Amino acid sequence: MMMAAPISSVACVVSVPSLMAKKGRRLGSFSSQSPFRCSPLSSSRFFSRKSYSVKAAILQENEEKVSVEESFQPNSFPEDGSGVPLDSSSSSVLNRWVIKSEQSFNIFMTESVIKILDTLYHDRHYARFFVLETIARVPYFAFMSVLHLYETFGWWRRADYLKVHFAESWNEMHHLLIMEELGGNAWWLDRFLSQHIAVFYYFMTVFMYIFSPRMAYHFSECVESHAFETYDKFIRSQGDELRKLPAPEIAVKYYTGGDLYLFDEFQTSRAPKSRRPKIENLYDVFLNIRDDEAEHCKTMKACQTHGNLRSPHSYPEDAFDDESG
């Protein structure tokens, strides 16, 4: 059983050295004024190589710039089973229509949920973050479930995908634990709502991943984009207050603990050990959660090209040195 060759309309990137895939393809890039907003492919000049990017406001001195780049990568054009791009005009039209339909559905669903969250959690930040993190880790469970099913039948084996998706779920679980320590799960209604949305989202993602991995990864990219934007807006508006508050113990343990293998594993565009956060107050915690969401966004973008994902630990050490040089 072959998986569809994926493609997406959005590339999410933090301005750090990107990882080169083994055949020279870049796994992703990223930045924006309105950080990480998913948008559908334009109906005109769909194959334009021109990209548009603007820098977001820098939150503090010496902080990494975060932005969104809207682009189309010609080398990620859908391919047939032999790896040769589809040249037929009818096939091209059909693929454009399918991709646009998938992404339109994803964006509609994401924006609908965002409107509900905006209404329910207008000024209850920690509760909103608790709901977001409960939902955000669900697709990684769904991806692994389907991948295990494929392995069971001997259809498709991708060890790197399983490793990276587990590391992503591990990261999102710690975001959830942080929000729980901050009291985001105090209300029964918030727990009830987030858990039931998560159950629906799990089964929806399973079926979507079986039908079109590209579509499932793009949907997850949209969710991660919204999470990034939400945290970015929060730390810009509440930064002064957050600097006065202590960091939760679970955050200090996760970000500065001894074993950071899984922390490195989900950041597929970085060399292992290249990012070591400092956690001195609550501002630092939210800053790093925001940057985690940016890394998830890049990984979801990379996954939309079939077979493009590799564990960062699977590359030789000098691969990152060559790229930075």
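Only heavy atoms go into these numbers, but all of them, side chains included; no hydrogens, no water, no symmetry mates. Residues take their numbers from the sequence shown, with the count starting at 1. The model shown is predicted, which means the values in this text are computed figures rather than measured ones.
- Between E221 atom CD and M300 atom CE the span is 9.0 Å, to the nearest 0.5 Å.
- We find that K244 and D240 are not joined by a salt bridge, their nearest charged nitrogen and carboxylate oxygen being 4.0 Å or further apart.
- At least one donor-acceptor pair closer than 3.5 Å links the side chain of S274 to the backbone N or O of A271.
- Side-chain atoms of N281 never come within 3.5 Å of backbone atoms of A247 as a donor-acceptor pair (strictly under, hydrogens ignored).
- No donor-acceptor pair under 3.5 Å is formed between the side chain of S314 and the backbone N or O of R310.
- A donor-acceptor pair under 3.5 Å is absent between the side-chain atoms of D232 and the main chain of R290, judged by distance alone.
- Ring to ring, H174 and Y255 are not that close: their centroids are 6.0 angstrom or more apart.
- For R128, the salt bridge (charged side-chain N to carboxylate O under 4.0 Å, His left out) partners two or more places apart in sequence, or in a different chain, are D118.
- Residues passing the side chain to side chain contact (heavy atoms under 4.5 Å, CB included) test with T110, sequence neighbours excluded: I114, F219, C222.
- Considering only heavy atoms from C-beta on, M179 comes within 4.5 Å of I289 through its side chain.
- Using cut-offs of 30° and 60° on the angle between ring planes, the pair H175 and Y231 is perpendicular.
- Contact check for P248 versus L282: side-chain heavy atoms found under the 4.5 Å cut-off.
- At least one donor-acceptor pair under 3.5 Å links the side chain of T299 to the backbone N or O of F266.
- Evaluation of the side chain to side chain contact (heavy atoms under 4.5 Å, CB included) rule for K273 yields D264, R276 as partners, not counting sequence neighbours.
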Exercise. What's the verdict on ring-ring contact (aromatic ring centres under 6.0 Å, His included) for Y261 and H313, showing C-alpha distance, side-chain angles and the deciding distance?
Worked result: CA-CA 9 Å; Y261 180 90; H313 290 96; 3.9 Å; yes
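- Residues F166 and Y161 have side chains not in contact (no heavy-atom distance under 4.5 Å, counting atoms from C-beta outward).
- Using a 4.5 Å cut-off on side-chain heavy atoms (C-beta onward), R214 and M208 make no contact.
- Aromatic ring centres of F286 and H125: separated by at least 6.0 Å.
- Remark: the backbone N or O of D291 is not paired with any side-chain donor or acceptor of E295 at under 3.5 angstrom.
- The CG atom of D190 sits 8.5 Å away from the CG atom of L120 when rounded to the nearest 0.5 Å.
- Of the possible donor and acceptor atoms, none in the side chain of E168 sits under 3.5 Å from a partner among the backbone N and O of Y140.
- Under the side-chain hydrogen bond (donor to acceptor under 3.5 Å, both in side chains) criterion, the residue pairs touching residues 194-208 are S145-Y202, with sequence neighbours excluded.
- In this view, L149 and F153 satisfy the side chain to side chain contact (heavy atoms under 4.5 Å, CB included) rule, not counting sequence neighbours.
- Between the CG atom of L262 and the NZ atom of K163 there is a distance of 9.5 Å, given to the nearest 0.5 Å.
- Distance CD1/I99 to OG/S212: 9.0 Å, rounded to 0.5 Å.
- Neither Y126 nor W187 shares a network with the other; the hydrophobic side chains, linked directly or stepwise wherever heavy atoms of I, L, V, M, F, W or Y lie under 4.5 Å apart, form separate groups for each.
- Listed by chain and residue number, nothing satisfies the salt bridge (charged side-chain N to carboxylate O under 4.0 Å, His left out) test with D123 (two or more places apart in sequence, or in another chain).
- The shortest distance between side-chain heavy atoms of L193 and Y121 falls below 4.5 Å.
- No side-chain heavy atom of N171 sits under 4.5 Å from any side-chain heavy atom of E265.
- Counting heavy atoms from C-beta outward, L147 and Y209 have side chains that approach closer than 4.5 Å.
- Between the side chain of D160 and the backbone N or O of L162 there is no donor-acceptor pair closer than 3.5 Å.
- At distances below 3.5 Å, at least one donor-acceptor pair connects side-chain atoms of D284 with backbone N or O atoms of E280.
- Two residues are said to be in side-chain contact when any heavy atoms from C-beta on lie closer than 4.5 Å; R191 and T134 fail this criterion.
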